[in-house]
Amino acid sequence: MNRRIYGLENEYGIICTSDRRGGKALSIQNAVMYLFREIISGRMYPDVFLENGARFYQDIGCHPEYATPECDSVTDVVIHDKAGERIIERLSVAAERKMRLDGFLGRISVFKNNTDTPGNTYGCHENYLMERHVSFRQLASQLIPFFVTRQVFAGAGKVKPTNRGKYVISQRAQHIREEISIATTTARGIINTRDEPHADREKYRRLHVIVGDSNMSELATFLKVGTTSIVLRMIEDNFIKKRLALRDSVRAIQQISEDTTCTQQIELESGKRLSAVELQREYLECAKLYFEQEESDADENKIMAAWEYILTCLETDPMQLDRILDWVAKKKLIETYVTQRRLKWDSAKVMMLDLQYHNIRPDRGLYYKLEKKDLVQKMVADKEIENAMHYPPETTRAKFRGRFVKLANERKVLCGVNWSYIQLYEPYQKLYLSTNPFQVDFDEASRMIYSI
C-alpha cells in the first residue's frame, strides 16, 4: 500500500495519592471517573469520541485509554499520539480541581508506561491497515523477527525490582508468552490475530500489534511506526526473500531486552546467529533495495535515514542515543542519580524515578524536564500538537467524524458514533456507514448534520 491508515492506542497507568493536608480517600475507580467527568455527560460507562476524531475510554483494570484518530502519515500519528497526552493531562488538572470542590485533596498522576508496581502490564497497541491478499502465515513469519529486534530503538526501558534492580530495554518483552496470540485470549503474543479493519473486509485487514512499549520520545514513536510500515509494504509486495525466522522467538525477545549493550546474539532457524542490531540491518538493507525500484514519500525518506543512523550508533555505543531513544535517556538519567546519591538500583527512590519518567504532566514528568532543558530531541512543534487536540487529520475519515462530534456536542444531538459509522437517533433515525477510511466526507450526511 502506498497509502496506509495508522493508529496508536495507549493505555495509561493512574495513581491517586492523598494530600498531606488530609481529606477523604479516593479509590482509583473514582479517580478515573473524575478524569472523565468533564467529557462524558449522562453516560454510565466512560467511552467517548472526541472532536479531534479520537476515542477516549476506560479499558479493563481502570486504565484510561486514548486511541488516535485514523492517520495516513507517520508524522500525523506522532502528533496525534502527543495530543492524547496533552488531552489527558488537561483532564487530570480539571479532575483535581473538581475533587477539591468535593472535599478530596488527592493528586492524580497519569503515566504513559506499560507496567504497574505489582507487575501487571498494559499496552501500547499499534494498528496498521493492510492489503487482505497477504496470508497471515506469511505476515507472521516475516514480521516476528522484526518485532523481536525492533525493541533496541523502540523500547521504553525499565528497572526490574528483582535481580538487584537490573535495567532492561523493553517493558513489554518480559510479558510476552507466545509467538502468535488469539485475539480472545489473555496470553500476550508477538503477533495478535485480532482483525477488525473498520473498513471493507474484502480489501483490507487490520494488523493489531501488542508487543511494543509506549514511548515518550517523539522520534522513537516515529521510528517504531515508520519502520514497521516500510516492512509491511515490502511484505505486501512479496519483496522480502531472506529467511530470518528465529529458533525461539519468545526467548529471544527477552534475551535482547536484558542486554543493554545490544550485542547479544540470537539463533535463527537456519543456525546462524545475529545480534538484534544485525538482524535489523538485514531489514534495512532489504528496504534500501526496495526503494531503488519503488517511490518513497517524505516520511519514508526520513525513516530510512533515521533507521540507518540509529543502527550505526547502536553498533558503536547505544548511550550516544540519549537524546532520541527512551530506554537510553532513562538509563542515563538513573545512572546519574544513582551515582550522585550512592543508591542501589533496586532502591525505592530509583523505582520512583523510573516511573516519573513517564508522568505526562509537564510540571512533574522527568521526560518533560529533559525536554525543557533541551536534553531530548523533538520532531513536531507544540503548535501542531495543540492543533491536533481539537482537530482531526484533514485526509482521512476522522475529519468528518470530528466535525460531527463537535456539532453534536454543541447542539446536544442524541447520536451514536463509532469508527465506521455515525447514527442519529430520534427523530432522525439515520445511519451513515463508511467502509472507506480514506474518504474524507459524506455529502448526504453533511447535509443532514448541518440541517439539525
Side-chain angles (χ1 to χ4, degrees), residues 1-8 52-54 68-85 126-131 143 146 150 153-154 199 204 207 209 212 215-237 239-240 280-281 283-314 321 323-326 371 376-399 402 436-440:
M1 293 178 69
N2 292 330
R3 189 178 174 208
R4 193 182 305 281
I5 293 292
Y6 310 91
L8 282 179
N52 69 346
T68 66
E70 301 94 326
C71 300
D72 65 349
S73 84
V74 182
T75 298
D76 273 355
V77 174
V78 176
I79 294 169
H80 279 273
D81 182 54
K82 279 294 172 182
E85 288 184 36
E126 304 155 56
N127 296 288
Y128 303 86
L129 195 72
M130 61 179 302
E131 294 175 354
L143 272 180
F146 173 75
R150 185 187 66 169
F153 55 77
Y204 304 113
L207 177 66
V209 181
N215 291 109
M216 299 298 294
S217 164
E218 295 167 1
L219 276 161
T221 299
F222 184 70
L223 273 169
K224 175 175 68 179
V225 177
T227 55
T228 303
S229 176
I230 289 173
V231 172
L232 286 178
R233 190 174 167 188
M234 292 192 292
I235 292 173
E236 288 168 335
D237 288 346
F239 189 82
I240 301 175
Q280 277 291 313
R281 195 168 282 283
Y283 282 99
L284 172 63
E285 294 303 320
C286 186
K288 286 181 180 179
L289 293 173
Y290 178 76
F291 285 123
E292 285 180 3
Q293 62 188 53
E294 299 290 339
E295 290 187 8
S296 57
D297 61 25
D299 266 356
E300 287 169 330
N301 293 336
K302 292 178 186 177
I303 293 158
M304 290 293 292
W307 197 0
E308 181 154 36
Y309 172 76
I310 294 295
L311 294 183
T312 300
C313 291
L314 288 170
L321 294 167
R323 286 179 53 82
I324 299 175
L325 304 186
D326 280 314
E371 184 179 279
V376 292
Q377 187 174 333
K378 283 183 63 62
M379 68 164 285
V380 297
D382 288 338
K383 63 181 180 181
E384 293 177 294
I385 298 170
E386 180 72 26
N387 183 74
M389 293 172 62
H390 306 283
Y391 300 100
E394 288 285 320
T395 50
T396 73
R397 180 174 59 194
K399 180 180 180 180
N436 182 3
F438 298 105
Q439 185 175 347
V440 173

Undergrad: Rounded to the nearest 0.5 Å, what separation is found between the CG atom of L284 and the CG atom of L311?
TA: 6.0 Å
Undergrad: Only counting residues at least two apart or in another chain, list the ones meeting side chain to side chain contact (heavy atoms under 4.5 Å, CB included) with A298.
TA: none
Undergrad: So, for I310 and L223, which heavy atoms are closest and what is the spacing to 0.1 Å?
TA: CG1-CD1, 3.5 Å
Undergrad: Can you measure from CD (E218) to CE (M216) and round to the nearest 0.5 angstrom?
TA: 9.5 Å
Undergrad: Going by the rule salt bridge (Lys or Arg N to Asp or Glu O under 4.0 Å), which residues pair with K82 if we only count those two or more places apart in sequence or in a different chain?
TA: E85
Undergrad: Under the rule for side chain to side chain donor-acceptor pair (under 3.5 Å), what residues qualify as partners of Q293, not counting sequence neighbours?
TA: none
Undergrad: If I compare all heavy atoms of G53 with all of P392, which pair ends up nearest, and what's the gap?
TA: N-CB, 4.2 Å
Undergrad: Which residues satisfy the side chain to side chain donor-acceptor pair (under 3.5 Å) test with D299, sequence neighbours excluded?
TA: T75
Undergrad: Locate the shortest heavy-atom distance separating T312 from R281; write the atom from each residue and the value.
TA: OG1-NH2, 3.3 Å
Undergrad: By side chain to side chain donor-acceptor pair (under 3.5 Å), which residues pair with Q377, not counting sequence neighbours?
TA: none
Undergrad: Minimum heavy-atom separation for C286 and F239, please, with both atom names.
TA: O-CE2, 3.3 Å
Undergrad: Between N52 (side chain only) and P69 (backbone N and O only), is there a donor and an acceptor less than 3.5 Å apart?
TA: no
Undergrad: Does Y309 have any ring pair (Phe, Tyr, Trp, His ring centres under 6.0 Å) partners at least two apart in sequence or in another chain, and if so, which?
TA: none
Undergrad: Could you pull out all residues at least two apart from E131 that satisfy salt bridge (Lys or Arg N to Asp or Glu O under 4.0 Å)?
TA: none
Undergrad: With rounding to the nearest 0.5 Å, note down the distance linking CZ in F153 to CG in L219.
TA: 12.0 Å
Undergrad: Using the salt bridge (Lys or Arg N to Asp or Glu O under 4.0 Å) rule, take K383 and E386 through it: C-alpha gap first, then chi angles, then the decisive distance, then the call.
TA: CA-CA 5 Å; K383 63 181 180 181; E386 180 72 26; over 6 Å; no
Undergrad: Can you list the residues that meet the side chain to side chain donor-acceptor pair (under 3.5 Å) rule with D237, with sequence neighbours excluded?
TA: Y290
Undergrad: With sequence neighbours excluded, what pairs up with Y128 under the side chain to side chain contact (heavy atoms under 4.5 Å, CB included) test?
TA: R4, Y6, E126, R150, L207, V209, V225, T228, L232
Undergrad: Between K288 and E308, is a side-chain contact (heavy atoms from CB on, under 4.5 Å) present by the stated rule, with each step listed?
TA: CA-CA 10 Å; K288 286 181 180 179; E308 181 154 36; 2.7 Å; yes
Undergrad: Once salt bridge (Lys or Arg N to Asp or Glu O under 4.0 Å) is applied, do any residues pair with E394, and if so which ones, sequence neighbours excluded?
TA: K399
Undergrad: Okay, side chain of T396, backbone of E70: is any donor-acceptor separation there less than 3.5 Å?
TA: yes
Undergrad: Which pair of heavy atoms, one from I79 and one from A388, lies closest together, and at what distance?
TA: CG2-CB, 3.6 Å
Undergrad: Return the NZ to OG distance between K224 and S229, rounded to the nearest 0.5 Å.
TA: 14.0 Å
Undergrad: Between R233 and E236, does at least one N-O distance fall below 4.0 Å, as a salt bridge requires?
TA: no
Undergrad: Will you find, in the side chains of D326 and S217, an N or O donor that is under 3.5 Å from an N or O acceptor?
TA: no
Undergrad: Taking only residues two or more places apart in sequence or in another chain, which ones pass side chain to side chain contact (heavy atoms under 4.5 Å, CB included) with A287?
TA: I230, M234, M304, W307
Undergrad: CD1/I303 to CD/E300 distance, rounded to the nearest 0.5 angstrom?
TA: 6.5 Å
Undergrad: Name all pairs fulfilling the salt bridge (charged side-chain N to carboxylate O under 4.0 Å, His left out) condition that reach into residues 71-81, sequence neighbours left out, sorted by first residue then second.
TA: R3-D72, D81-K112
Undergrad: Around atom CZ of F146, are there more than 12 heavy atoms from other residues, nucleotides or ligands closer than 6.0 Å?
TA: yes
